[in-house]
Amino acid sequence: MTVGGVKSVAAPIYVVQVVSGSSEIASYLIVLLFLVSLLMNFTDIPQRIQLQRFSSFVRRKLYALEEMEVDARRKSVAYMSSVGIREPSKILEGFIDNFFLIRPVEIEPTDIIRRFKHLIRVRESSVREYVRRVLGGADRSVQYSVETVLEVVSVLRLLNKLVRHYLELGLKYNNWILVMQLAIQMPELVEIARAYANSIDAFTAGIPIGDSAGPLVAKMLVNWRETSREISDGTNLYETEVDGRRIYVIKALGPGSNVGWPGEALEKLVEELGGAVDRIITVDAALKLESEESGEVAYGTGAAIGDIGPEKIAMERVASKYSIPIDAVVVKMSEVEALSPISKKIYEGVVKSYELVKKVIREKVREGGTVVVVGVGNTVGVR
Amino acid sequence: MMLLQQFDTLIMALIIAFALLLLTALLPWLISAASSRSRAVREELVEVVGCLRCDYESSKKHEKGDYVGKVVGTCPKDGAFLVVKAIYVERRAQGRAGY
Ligand SMILES: [Zn+2]
């Protein structure tokens, strides 16, 4: 036999081997596929894999949150030392994790508002005392801004701790539903945290934020004039006139970051006037729905104030005691916009709501009547 | 020869399945890469300064320490107080971003 003859014989055998080998591979693959689909469909393995994936996603986002917190701490320390506070990081550490508020008992509703109000005031005054001790005789606006910056950093701290808590809880008990839920909520949480982190810039630089819509409208109504007096602690009263109607305007004392006590102030004023008020108009920023445009203005009834209770109920009580109609004018915005420096779109909404307030006064209050307008919101950057 | 053809289709089917799997896995990334090609936006703090008596108004760049209601001078028309009437952020598109 020649060499060539061997070749010509060997070649077909080779082909046959390959073919039978491939069908074997194919059948192995099919068995493997079957087994894998069995594992994936009738065991917890996919959930375990997802748990790993979702937890690593949460961890990545958590790093972003922690970075924001570190950044916020750095900014607040820089701000505090710029206003002359010595050892600002010690002050920050002493504030974070402390000054929490335990909600009053809710299953016994008698005097709950009074108890809640009492607790809020006590907390507020202890925060104020804490900051005042290190700040000395600084301006009240600076005092308010330092308080707010400290609060913002502790909100970021709390958010980080909560996310870490749920992540570790989920991993500890293999609770993939918990981790998955956390992962799904993370983008939203990061967005809110970013809004808080960015708000520090506005608070330290004294620039109005979206939530300043109410105070801005108040300031427009009084033609940017100075206050007549401080009616409540950190809350100013202005007097003006619109087309023969007497207008009282209430807003927080600026230009530091401050919301004041608008409910208490309104109560005091209406009592002082003996209830002789024809209309109360509250103006505030309101959270928009996703489908709504930022800066949209809407008109309704009730006390427009995003308060946990006492201030809002004070408004409702005094209005119903003297049967004074109470209106709400709101400027719509997202949570992020409410905490960020005010955008042009929202500012246009502020102008629109100012015109709306004037229109309501002209159309619904008789000439010679009295109106109280409350500009609710944070008055940072608005004196 | 029949077996050889069968082998080819099987491999082809596996390759197609793998490609589809890869596409599904990369789809979110592809979508985000496509949508992140947004315009660069420049943010600027604008301040509206106006007269308390007449309707004179002008806007300028925000100066540090200014707040709404601050007196920043006198009106060029009638000499009344000029106050900061508004401060807001204006977003200006700055053409296409490089990507
Ligand atoms: Zn003028």
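Chain naming here is simple, since letters A, B, ... match the order of the sequence lines and numbering starts at 1 in each.
For B:E43, the CD atom counts as densely surrounded, since its 6.0 Å shell holds more than 12 non-hydrogen atoms of other residues, nucleotides or ligands. Within 6.0 Å of the OH atom in A:Y196, the count of heavy atoms belonging to other residues, nucleotides or ligands does not exceed 12. Within 6.0 Å of CZ in B:F81 there are 12 or fewer heavy atoms belonging to other residues, nucleotides or ligands.
Contacts from residues 44-64 of chain B to chain A, taken as heavy-atom pairs separated by less than 4.5 Å, involve B:L45, B:L52, B:H62 in sequence order. Residues of residues 203-212 of chain A lying within less than 4.5 angstrom of chain B, judged on heavy atoms, are A:G206, A:I207, A:P208 in numerical order.
Taken from CD1 in B:I11 to CG in A:L29, the straight-line distance is 7.5 Å, to the nearest 0.5 Å. The structure places NZ of B:K85 at 12.5 Å from NZ of A:K219, a figure rounded to the nearest 0.5 Å.
When every heavy atom of B:Y67 is checked against every heavy atom of A:G381, the shortest pair comes out as CB-O, 3.3 Å. Nearest approach of A:W224 to B:V84, heavy atoms of both residues: CD1-O, 3.9 Å. Of all the heavy atoms in A:S343 and B:R91, the pair that sits closest is CB-NH1, 3.6 Å.
At a 4.5 Å heavy-atom cutoff, B:V71 makes no contact with chain A through either its backbone or its side chain.
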